[in-house]
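Worksheet: one structure, shown below.
Convention: sequence-line order gives letters A, B, ...; per-chain numbering from 1. Fair warning: this is a prediction, and the values are worked out from it, not measured in the lab. The analysis underlying the following values was restricted to heavy atoms, covering all of them including side chains, and did not include hydrogens, waters or symmetry mates.
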Number of protein chains: 2
Amino acid sequence: MKLSTRSTYGVRAMLALALSDGQSPLMVKEIAERQHLPATYLEQLMVLLRKASLVTATRGSHGGYVLTRPAADISLADIIEVLEGPLVLSECPTGVGCCSHPEQCALVDIWEEASQALIQVFANISLASLVERQRAKEMNTVLMFNI
Amino acid sequence: MKLSTRSTYGVRAMLALALSDGQSPLMVKEIAERQHLPATYLEQLMVLLRKASLVTATRGSHGGYVLTRPAADISLADIIEVLEGPLVLSECPTGVGCCSHPEQCALVDIWEEASQALIQVFANISLASLVERQRAKEMNTVLMFNI
DNA sequence: TTCAAGCAAAGTAGTTCGCTCGGAAGGGTC
DNA sequence: GACCCTTCCGAGCGAACTACTTTGCTTGAA
């Protein structure tokens, strides 16, 4: 029951993009360094994010990635679903065993409720609000340090 | 991001126990048949549930398993945590990379929030209420069928 | 035309998953 | 005590998945 590193790396990469000015594209190597991620692996993930239209790539020198939409319009759920697959905690293989009668199985509802709870959390957090949280936290630590 | 079959099988096995009268123990083979689970695999899971004191085993003929506590005192979270491990969606390997400063990382909080959301769902559903739901659903289907 | 970037596909070492098997240990029954 | 019956335990195993790396191609700005 862990998120794969794909999701977490992906979110961190998107956070890096959101934290940058958004003018000039950020290249994979740069993102990887800022977030301490394996660059060649991250490359793969960025391609997936591009195919999902969450980021836009420009090739050639001085290329890299930018967010396709404003950070406020991208939720963590968007990112995670691309890299993790649909957030469904359990699927009853319909037509087999107990689940030949899914309409009689109370557990189907339970798994659905749990999945929805997860999705809600991630859907309610946009990249923009993540940036805010991040800035607030950093600010806080600095203040703490000064006291 | 799926629950393993361990959890779902385990919950179903516990449901079977809760649905039984609770007087005479239910043996693995019987549980497996009622829930259409692979018996030899389920055997392993039952041992884990016993070690977690959720069920009590009696060996020898007419042996089997019973719930240790009343069904109302056992939550799905109890069962799932035993079989799935702690419900923690992501752990920052402290001391490495970005997480050498976890107090500055907004994501730590996010993963924690999401984990808590999940745990809440499962903690709020007891085996007893699962039994209720199950009975209600079956009743419903029968009624639907009669109309 | 060069060369820095993204893109694509394959490979790989390690781990986990779902499950089986064989046999030992414990416990009623005759 | 002999004999089932059931749980308990450890080993094993193939398939899938994870987290990468490698290699080589394509694209496009300078």
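In this structure, M1(A) places its CE atom 14 Å from P of dT18(D), rounding to the nearest Å. If you measure from atom NZ of K2(A) to atom C1' of dT15(C), you get 14 Å, rounded to the nearest angstrom. Following rounding to the nearest Å, R12(A) (CZ) and dA19(D) (C1') show an atom-to-atom distance of 14 Å. Whole-Å rounding puts the Y41(B) OH to dC21(C) P distance at 16 Å. Between L45(B) atom CG and dT20(C) atom P the separation is 12 Å, expressed in whole Å. In this entry the distance linking CG of L42(A) with C1' of dT18(D) reads 16 Å, nearest Å. For the pair I31(A) CD1 and dA5(C) C1', the computed distance is 12 Å after rounding to whole Å. Rounded to whole Å, atom P of dT6(D) lies 11 Å from atom CD of E30(B).
At a non-hydrogen distance threshold of 4.0 Å, R59(B) from residues 46-59 of chain B come into contact with DNA chain C. Using a 4.0 Å cutoff on non-hydrogen atoms, no part of residues 63-71 of chain B comes near DNA chain C.
Side-chain contact check for L17(A) versus V66(A): every heavy-atom pair is 4.5 Å or farther apart. Looking at heavy atoms from C-beta onward, I31(A) lies out of side-chain contact with M27(A) at the 4.5 angstrom threshold. Counting only heavy atoms from C-beta outward, the side chains of K2(B) and E91(A) approach each other to under 4.5 Å. The shortest side-chain heavy-atom distance between R6(A) and I80(A) does not fall under the 4.5 Å cut-off.
The side chain of S61(B) lies closest to dG28(C), out of dG28(C), dG18(C), dT7(D).
Among residues two or more places apart in sequence or in another chain, the side-chain contact (heavy atoms from CB on, under 4.5 Å) test is passed with V131(B) by L15(B), A18(B), L19(B), R135(B). Residues meeting the side-chain contact (heavy atoms from CB on, under 4.5 Å) test with E112(B), sequence neighbours left out: Q116(B).
With values rounded to the nearest 0.5 angstrom, M14(B) atom CE is found 4.5 Å from L54(B) atom CG. Between atom CZ of residue R50(B) and atom CG of residue L45(B) there is a gap of 13.0 Å, rounded to the nearest 0.5 Å. One distance of note links OG of S20(B) with CZ of R34(B); it measures 6.0 Å at 0.5 Å rounding.
Between dT18(D) and S4(A), no contact under 4.0 Å exists linking OP1 or OP2 to a side-chain N or O. Between Y9(B) and dC19(C) there is a side-chain polar atom (N or O) within less than 4.0 angstrom of OP1 or OP2.
The existence of a salt bridge linking R133(A) and E113(B) is confirmed by a sub-4.0 Å separation between a basic side-chain nitrogen and an acidic carboxylate oxygen.
The residue among R6(A) and M27(B) whose nearest nucleotide of DNA chain D lies closer to the 5′ end is M27(B). Heavy-atom distances to DNA chain C give each of Q44(A) and H62(A) a nearest nucleotide, and the one nearer the 5′ end belongs to H62(A).
Here the closest non-hydrogen pair linking A72(B) and S126(B) is O-CB, 3.6 Å.
Among the heavy atoms of the strands lying under 4.0 Å from T40(A) is at least one base atom, whether or not backbone atoms are also near.
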For DNA chain D, the dot-bracket pattern of Watson-Crick and G-U pairs whose distances stay under 3.5 Å, | for other-strand partners: ||||||||||||||||||||||||||||||
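Within the structure, the side chain to side chain donor-acceptor pair (under 3.5 Å) test picks out the following pairs touching residues 59-80 of chain B (sequence neighbours left out): T56(B)-T68(B), S75(B)-D78(B).
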